[in-house]
Student: 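Below you will find the structure I want to go over with you.
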Protein chains: 2
Amino acid sequence: MPINSFVDYPMSWRPERRELERPVYLSLARMLERDITEGFLPPGTKLPPQRELADFLDINFTTVTRAYKTCELKGLLHAVTGSGTFVSTNAVRSVTISRDRVPVECIDFGLVASFEQSNFMVTEAVRKVSARAGLEQFLNYDNPDGIPHQKEAALRWMRPLGITANADQVAIVSGAQNALTVTLLALFEPGSRIAVDEHTYSNFIELAKSLRIKLIPVPGDRSGMLPEELEACCRSTDVQGIFLMPSCCNPTAIFMPNERRRELASVIARHDLIVIEDDIHAALLQGTTAEDGLPVREMLPERTVYICSTTKSICSGIRLAYIVFDDTMRERMLRSIYHVNVKTSSLDAEIVSELIVSGRADDIVAYKKSLAKSANDLFAEYFPQPDDPGHPLSFFRWLRLPKPVHASRFESDLLARGVRVFHSDRFLVGTGSREQHLRVALSSTGSLDELRRGLEILRSSL
Amino acid sequence: MPINSFVDYPMSWRPERRELERPVYLSLARMLERDITEGFLPPGTKLPPQRELADFLDINFTTVTRAYKTCELKGLLHAVTGSGTFVSTNAVRSVTISRDRVPVECIDFGLVASFEQSNFMVTEAVRKVSARAGLEQFLNYDNPDGIPHQKEAALRWMRPLGITANADQVAIVSGAQNALTVTLLALFEPGSRIAVDEHTYSNFIELAKSLRIKLIPVPGDRSGMLPEELEACCRSTDVQGIFLMPSCCNPTAIFMPNERRRELASVIARHDLIVIEDDIHAALLQGTTAEDGLPVREMLPERTVYICSTTKSICSGIRLAYIVFDDTMRERMLRSIYHVNVKTSSLDAEIVSELIVSGRADDIVAYKKSLAKSANDLFAEYFPQPDDPGHPLSFFRWLRLPKPVHASRFESDLLARGVRVFHSDRFLVGTGSREQHLRVALSSTGSLDELRRGLEILRSSL
DNA sequence: GCATTTGTCGGTATACATTTG
DNA sequence: GCAAATGTATACCGACAAATG
């Protein structure tokens, strides 16, 4: 029998005792999931403590633990020892970002594309490659991790970014997201924990969710994640890895100074973490800041998986990324590549290699940089943010909202006015931070004029 | 204190009591994993019953359960209620099959390639596509699940195979293995169970292992999986899905008659399973048996994910597969595609579409069929198996071994003689069956002559 | 800075289902 | 067909750790 009467106590969730069936923990989890998805328990709601709910339902409190845990692994909840259990911000909807089913007529500040205006140069490379003799070497099962000369091109591409590696430490996969999937499957297991920025790449959040890998948000400042916070986080729980985008964090655009990278590296080494370093924007930012970013991979080569996608810097439709890893990870990484992809199209890899070797890729990067410059300048006209810590050439900006808004309603209101943009909640790991932002992609509009029209609408909406 | 003295009893595994640390179940699992990988516990060994080992170690028997379960999810063990717990056949080594690091000089009967001799026709299509105007539509982020006209080509390709679907029920991904990854991630969770043939596609086994999805072997006869066995299996445990390759099961080459498909479908519907139907060989087998296979997807459209890869039938290097699913799965499948791939190269999709629409794909299939016919005829000369239940045009044969051999030693002996071939144990789910086989791929040798030389070596080795 | 609140983890108890002989 | 052997599932207990005030 319950000891207390709960009639007078307010309890944020009061499931029907009679609805409980055996197994209790499963039916409880089902009820909870239902009440969250149906909106009875809005995001941020603090659920009753395990012991209190258990008492109310007259069951053991660890049975509630189990029900909560089931929902937590689905990403519906977020629990903190000492504070309580809360409904996740992104519990109800998926935050997956894609260009699937966007209204045709909208101005897209949502998905971060890559200034597709430069694709005519890629077309040339496609024609050049396909005119060659010996095309058939690209049409078979051989070289699942890349043809040797393609890996050479990869190394050549990454050398200016500060990567020193040999051909056995590189593999070719199908874009950064694919690289993340491969890496998570190769080196982590369900239940593993990975430290991330409080706001991080939303598709990584979703991927981790589906692999049942737990992301632990670590606070940061204007230079990125805070080493002492990472230290605290590693002390408190068993963390196996860390995900970083030091050159330009998506969504905050923060460029992490080398000093900060070194401090983090020392914490990482001390706690034996595996680093996933996503350097997707590196090539686009080289030579534009006071110092060029030194990859964390070079500080910790034996524990880092470095991902260098060419989809942002060269061409988004030719799905390609290079992964650099240590010899000790090679076996696991190659096997994982095989399980997820078998191989990446050698034809696609060849097109990118051709662009790199011919030097045309550098032209593309230079062109995209100039487009990024113009777009950022225009953005600054509309939204001057003098203290913006983001990288000046970023393909997206992190715009602080003057007053709190309802995230998904705000997004859909703007969409109704013809602009797609994403609220910071989409990128949030766990429960809320005080400040709200918008991520405004500048690289998906076809022209400066379209960008201007979009910014106009955006400004008038704030 | 243990009640019995175990000094006289033979117990297959006697871990050191003193080595146990807390948490007990984890250190026990580690010791078990170590003793398996180091070969002290060879495949097939029956481990001590949970209660007996617990008594020996003076711990609760469910703690042993947990240690065993940990290893089981890693694919090291295989437990059957009533019978006991056994070390898996493929516990130690990975059975992943790839063309990575095969000795250059060997005759490959291992990996099932796809008679790459027809690739000159694909080269033509590459050139044709790249010469077209408007190539840039293939170089951006749009249409992550396929451009509409490419999906039309997909439907056109699958219509002769018996598939009726609409464009919203199709998506384009990067080959069958990639389709399997996407599907498992979209529709299953760690701990889910999927029924499979006792011998099944080894890369599917490895993928399931890495996703912690449990495969339940279901016995079959010469027509494939037995409905009554599936029924029994579903009754006994909570099974969520079933994986089938009805047109030509890899590795057994069994073609499942429509009658059997219908019987299985009724069991599947009764137990509410999700079907993953891998029809990778369908196009290559049409019109060669008394009746054409009717896809299970057509019998159970609302619960089937149908995978039709073009890597075997058209070209292996252009990584492409079509997935057909029900409207109710659409959201989850698209999201999963986005998480794993973002998108599949539209250029690659276009090349295959071009081959399909121009009719050239049919020529390729016809050519591959003729090559398969010759190869199978040659194989029959060397290894007449009058009662072979396999499909006559299969790209690989399931060769019964006259006497038992040591699986991995046999493989490496043959490799030393210049032939790579795989023993049936690689394809085995759980623990052993009585009969041993070899899977002999006929589609990876460059010529009939090379095939003949390989078969010669193989015959002399048996 | 310590007590309280709250979540986490590992081990245990019990009921049950299946296989085997 | 029944009893014994054996694995599975779920609830519960207690020690512990982190956050809060």
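All heavy atoms count here, side chains included; hydrogens, waters and symmetry mates do not. Convention: sequence-line order gives letters A, B, ...; per-chain numbering from 1.
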Student: Whole-Å distance between C:dA13 C1' and B:R51 CZ?
Tutor: 12 Å
Student: Report the distance from atom CD of A:E52 to atom P of C:dT4, rounded to the nearest whole Å.
Tutor: 17 Å
Student: Base, sugar-phosphate or nothing for A:T65? Non-hydrogen atoms, less than 4.0 Å.
Tutor: base
Student: Indicate whether the side chain of A:Q50 and that of A:T65 have a donor and an acceptor atom separated by less than 3.5 Å.
Tutor: yes
Student: Return the value, rounded to whole Å, for the distance between atom NZ of A:K69 and atom C1' of C:dC9.
Tutor: 9 Å
Student: Among C:dG7, D:dA19, D:dT6, which nucleotide has an atom closest to any side-chain atom of A:T85?
Tutor: C:dG7
Student: Is it true that B:E19 and B:R34 have a side-chain N and a carboxylate O under 4.0 angstrom from each other?
Tutor: yes
Student: Give the rounded distance in Å between these two atoms: CG of A:L20 and C1' of D:dT10.
Tutor: 14 Å
Student: In whole angstrom, what separates A:N60's CG from C:dG10's P?
Tutor: 17 Å
Student: Checking all strands, does A:S83 fall into the base, sugar-phosphate, or nothing category for heavy-atom contacts under 4.0 angstrom?
Tutor: sugar-phosphate
Student: Nearest-Å distance, OH (A:Y25) to P (C:dT8)?
Tutor: 16 Å
Student: Within the 4.0 Å heavy-atom criterion, would you say A:T63 contacts the bases, only the backbone, or no part of the nucleic acid?
Tutor: sugar-phosphate
Student: Going by the angle between their ring planes, with limits at 30° and 60°, are B:H199 and B:H437 parallel, tilted or perpendicular?
Tutor: perpendicular
Student: Can you check the B:D55 CG to D:dT6 C1' distance for me, whole Å?
Tutor: 15 Å
Student: Rounded to whole angstroms, how far apart are CD on A:Q50 and P on C:dT6?
Tutor: 10 Å
Student: For A:G82 and B:Y68, find the nucleotide of DNA chain D closest to each by heavy atoms; which residue's nucleotide sits nearer the 5' end?
Tutor: B:Y68
Student: Could you work out which one of C:dG7, D:dG7, C:dG11 sits closest to the side chain of B:P23?
Tutor: C:dG11
Student: Closest approach to the side chain of A:T81, judged atom by atom: which nucleotide of C:dG7, C:dG10, D:dG7 is it?
Tutor: C:dG7
Student: Give a yes or no on whether a salt bridge exists between B:R66 and B:E72, defined as a side-chain N under 4.0 angstrom from a carboxylate O.
Tutor: no
Student: Taking the side chain of B:R193 as its heavy atoms from C-beta onward, which of D:dA9, C:dG7, C:dG10 lies nearest to it?
Tutor: D:dA9
Student: Can A:D35 and A:R30 be counted as an ion pair, charged N to O under 4.0 angstrom?
Tutor: no
Student: With a non-hydrogen cut-off below 4.0 angstrom, is A:F61 in contact with a base, only sugar-phosphate, or nothing?
Tutor: base
